Amino acid sequence: MLKYIIKNLILITIISSNLIADKGDFEKVSLQLQWKHQFQFAGYYIAKEKGFYKEEGLKVDIKEFYHGISPYDVVVSNEATYGTG
């Protein structure tokens, strides 16, 4: 019985997330991290996974740090919408 309930909940979640994604156009934004993917940025990833950005009409691309860049410079040059610091 529990397996049946869990399967149905997963199915409902998948279907509803697809319906939310198909509602319309999302504003594409990017977030430049100041370092490699790690625990200090968990909030950004959790918000993305839970659909908080989609609820606000945003499609967020989280960009990992790479050697020789500054999040400030990336935002100023319009390569990213936001940056961490």
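Start at 1 with the first residue, then count along the sequence. This is a predicted model, so every value here is computed, not measured.
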Would you say Ile62 and Phe41 make side-chain contact, with heavy atoms under 4.5 Å?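 SC-SC contact between Ile62 and Phe41 ruled out.
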Glu27 side, atom CD; Thr81 side, atom OG1 - distance, nearest 0.5 Å: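 It comes to 7.5 Å.
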Only counting residues at least two apart or in another chain, list the ones meeting side-chain contact (heavy atoms from CB on, under 4.5 Å) with Gln40.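 For Gln40 the side-chain contact (heavy atoms from CB on, under 4.5 Å) partners, ignoring immediate neighbours, are Gln34, Gln38.
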Using the test ring pair (Phe, Tyr, Trp, His ring centres under 6.0 Å), find all partners of Phe65 that sit at least two apart in sequence or belong to another chain.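 Here the qualifying residues are Trp35.
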Which pair of non-hydrogen atoms, one from Ala80 and one from Gln32, has the smallest distance, and what is that distance?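 Ala80 and Gln32 have their closest heavy atoms at CB-CB, 3.9 Å.
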Identify the two heavy atoms, one from Val75 and one from Gly83, that lie closest to each other, and give their separation to 0.1 Å.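 Heavy atoms only, the tightest pair is CG2-N, 3.5 Å.
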Answer yes if Leu31 and Val29 sit in the same cluster of Ile, Leu, Val, Met, Phe, Trp and Tyr residues linked by side chain heavy atoms under 4.5 Å apart, and no otherwise.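 Result: yes, single cluster for both.
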Using atom types as modelled, flag every donor-acceptor pair under 3.5 Å from a side chain in residues 44-53 to any protein atom, sequence neighbours excluded.
unit_1	atom_1	unit_2	atom_2	d
Tyr45	OH	His37	ND1	2.1
Lys48	NZ	Val60	O	2.9
Tyr53	OH	Tyr44	O	3.4

